Amino acid sequence: MAEKSFKYIIVGGGVSAGYAAREFGTQGVKPNELAIISKEAVAPYERPALSKGYLFPEGSARLPGFHVCVGSGGERLAPEWYTEKGITLILKTEIVKADLPSKTLTSSSGDTFKYEVLIIATGSTVFRLENFGIQGADAKNIFYLREIEDADKLVEAIKSKKNGKALVVGGGYIGLELSAALKINAFDVSMVYPDPWCMPRLFTADLATFYEAYYIKKGVNVIKGTAAAGFVKKENGEVKEVKLKDDRVMEADIVVVGVGAKPLINLFSGQVEEDKGGIKTDAFFKTSVDNVYAIGDVATFPMKMYGDIRRVEHVDHSRKSAEQAVKAIFAKAQGKEIEPYNYLPYFYSRSFDLSWQFFGDNVGESVIYGDRDPASEKPKFGAYWIKDGKVVGAFLEGGTAEENKAISNVAKVQPPAPSPESLAKEGIQFASKI
């Protein structure tokens, strides 16, 4: 079995790994010092494309078009970029053991990798219905979406089941975006979720009412307050019907599941300090073990703005935490200091002709303003969240680049809040004058 040694190893090949690689390049990493070990077969890419442009029936996104770092307006790092920088991409390689005391990683094929500094960028894995003991969840044509291989399988099914019936399980990010993508592909789409409204981790009931009505207007059958309880297979093993907990039975040629994800930290459990389901880090993403860093989905880090610690699953944090960790590694080696990570939570989504952004914290009293009529040609509305007399969060649907920048600034500054009535009346103008 082969053994290789590197000064720096990033384990995981997702968005965080790609943005970390770019920062290593900026910091002047020397040839053959850095390796990225990924179980995927391709260089790091912008994962959000998989639930958006990758599934479009026309003009669909394909690699190498969305390798990192195009998602943030940066240079596209195709495989040749890593070669030019002397960065070793070790693809199709799954790490199955991590021994932090000996600074050794072992792959499924028995190869070992030694490092001086390790960056954990293993990301998340989706919850699968089999994990919940749901009967028939192993049927063919039940799909999950996390990696490009998953997306390729879904694209093939969309082509082979053209104009068929699709059932989407889940009403969060993935559920909403995939329901839209399947509808654009001319499927008869139903979206089912157990919550009283869609996207409950972010949306208020009032915000969700618009999106549910808009999706219904687009022809999506929205089924709330129930969940998939079992699947009936055809003779060839493909899914035929979905049994819901409320005893309804839905026909389905394709089922797509988006019921959340969990961070992949099992390799390191018992070796590093953990908190809130992730690996606990400081404001420079250093873990409790010297020269071991954790970034992206797996990191539980100090949220300076709110005085607590959090774990954030979003591409924006994946990018920024990667850059912060690499800057910290080089600063430490040079005996310098950098500013602690001061992250402003940011979430966004695009589906159909809709596009929203959210900044800050969705806690306290919410105030909604604007045109929330799903029949409007261009709906435009927003919301603010007020806590302890300050505006701490802001949401905007259909905003311009300038307006989105304004709501970002509001969430960052946290200005004193006027009365809810006044805030609702001012709407986006309140943010624009801060």
Side-chain angles (χ1 to χ4, degrees), residues 48 51 124-135 137 142-146 165-183 189-231 242-250 252 254-263 276-277 297 310-314 345 347-352 354 356-358 360-368 372 374 379 381-383 385 393 395 397:
S51 60
S124 296
T125 185
V126 296
F127 286 120
R128 303 182 70 88
L129 295 182
E130 297 100 308
N131 302 147
F132 302 105
I134 294 177
Q135 185 178 11
I142 298 180
F143 298 97
Y144 300 82
L145 189 61
R146 179 66 191 176
K165 294 180 184 292
L167 184 89
V168 177
V169 179
Y173 260 112
I174 292 296
L176 287 165
E177 291 187 353
L178 289 184
S179 292
L182 288 163
K183 194 66 197 174
V189 181
S190 296
M191 177 171 56
V192 58
Y193 47 92
D195 310 288
W197 62 80
C198 66
M199 203 79 168
R201 286 168 62 181
L202 175 60
F203 290 172
T204 65
D206 285 343
L207 287 175
T209 296
F210 165 81
Y211 290 97
E212 290 167 353
Y214 188 94
Y215 272 59
I216 290 167
K217 183 173 80 80
K218 287 289 188 178
V220 176
N221 180 23
V222 176
I223 305 171
K224 301 186 285 186
T226 189
F231 299 89
V242 186
K243 297 177 180 177
L244 303 184
K245 285 188 176 178
D246 63 4
D247 295 329
R248 272 185 277 186
V249 178
M250 310 289 297
I254 291 177
V255 173
V256 186
V257 182
V259 291
K262 61 180 177 180
K276 296 193 173 181
D297 290 2
R310 301 186 186 185
R311 194 178 64 79
V312 175
E313 293 178 5
H314 194 266
F347 300 93
Y348 70 89
S349 186
R350 295 187 297 274
S351 56
F352 292 121
L354 303 174
W356 60 257
Q357 295 192 15
F358 167 83
D361 219 6
N362 60 328
V363 294
E365 180 185 1
S366 61
V367 175
I368 299 183
R372 302 192 308 282
F381 58 91
W385 281 261
F395 173 98
E397 167 64 54

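Since the model is a prediction, treat every value here as computed from it, not as a measurement.
- Checked against side-chain hydrogen bond (donor to acceptor under 3.5 Å, both in side chains), Glu313 has the following partners two or more places apart in sequence or in another chain: Arg311.
- Residue pairs satisfying the side chain to side chain donor-acceptor pair (under 3.5 Å) criterion with at least one member in residues 166-176, sequence neighbours excluded, are absent.
- Contact of the Leu176 side chain with the Met191 side chain is registered, since non-hydrogen atoms from C-beta on lie closer than 4.5 Å.
- For Lys224, the salt bridge (Lys or Arg N to Asp or Glu O under 4.0 Å) partners two or more places apart in sequence, or in a different chain, are Glu212.
- Here the CZ-NZ distance, from Arg248 to Lys243, works out to 16.0 Å after rounding to the nearest 0.5 Å.
- Evaluation of the salt bridge (Lys or Arg N to Asp or Glu O under 4.0 Å) rule for Arg372 yields no partner, not counting sequence neighbours.
- Val126 is not listed as a side-chain neighbour of Val257, based on a closest heavy-atom distance of 4.5 Å or more.
- Heavy atoms only, all atoms of each residue included: Ser51 and Ile174 are closest at CB-CD1, 4.3 Å.
- Closest non-hydrogen pair, Ala228 versus Ile134, comes out as O-CD1, 3.6 Å.
- Looking at heavy atoms from C-beta onward, Leu354 lies in side-chain contact with Phe210 at the 4.5 angstrom threshold.
- In this structure, the separation between OG1 on Thr226 and CG on Leu244 is 5.0 Å, given to the nearest 0.5 Å.
- Between Tyr215 and Phe352, the ring centre distance stays below 6.0 Å.
- Taking Phe203 as the reference, Tyr211, Trp356, Phe395 meet the ring pair (Phe, Tyr, Trp, His ring centres under 6.0 Å) condition, with sequence neighbours excluded.
- No side-chain heavy atom of Glu177 sits under 4.5 Å from any side-chain heavy atom of Leu145.
- A heavy-atom distance below 4.5 Å is found between the side chains of Val222 and Tyr193.
- The minimum heavy-atom distance linking Ala213 with Pro374 is given by the pair CB-CG, 3.5 Å.
- Residue-environment remark: NZ (Lys262) stays at or below the threshold of 12 foreign heavy atoms within 6.0 Å.
- Counting all heavy atoms, side chain and backbone alike, Ser190 lies closest to Ile223 at CB-CD1, 4.4 Å.
- A donor-acceptor contact shorter than 3.5 Å is absent between the side chain of Ser351 and the backbone of Ala180.
- Not counting sequence neighbours, Asn362 has no partner by the side-chain hydrogen bond (donor to acceptor under 3.5 Å, both in side chains) test.
- Shown here for Pro194 and Ala227, the closest heavy-atom pair between the two residues is CB-CB, 4.4 Å.
- The number of heavy-atom neighbours closer than 6.0 Å to NZ of Lys245, taken from other residues, nucleotides and ligands shown, is 12 or below.
- Legend: residues meeting side-chain hydrogen bond (donor to acceptor under 3.5 Å, both in side chains) with Tyr214, ordered by chain and number and at least two apart, are absent.
- In terms of the ring pair (Phe, Tyr, Trp, His ring centres under 6.0 Å) criterion, residue partners of Phe358 (sequence neighbours excluded) are, by chain and number, Trp385.
- A distance of 6.5 Å separates CG of Leu182 from CD1 of Ile254, quoted to the nearest 0.5 Å.
- Between the CD1 atom of Ile142 and the CD atom of Glu130 there is a distance of 7.5 Å, given to the nearest 0.5 Å.
- The shortest distance between side-chain heavy atoms of Val192 and Met250 does not fall below 4.5 Å.
- In this structure, the salt bridge (Lys or Arg N to Asp or Glu O under 4.0 Å) partners of Lys165, at least two apart in sequence or on a different chain, are Asp188.
- The salt bridge (Lys or Arg N to Asp or Glu O under 4.0 Å) test applied to Glu365 returns no partner, not counting sequence neighbours.
- Applying the side-chain hydrogen bond (donor to acceptor under 3.5 Å, both in side chains) rule to Asp195 yields no partners; only residues at least two apart in sequence or on another chain are considered.
- At distances below 3.5 Å, at least one donor-acceptor pair connects side-chain atoms of Tyr144 with backbone N or O atoms of Leu129.
- Listed by chain and residue number, His314, Tyr346 satisfy the ring pair (Phe, Tyr, Trp, His ring centres under 6.0 Å) test with Tyr348 (two or more places apart in sequence, or in another chain).
- Across all non-hydrogen atoms, the minimal contact from Leu167 to Ala252 is CB-CB, 4.2 Å.
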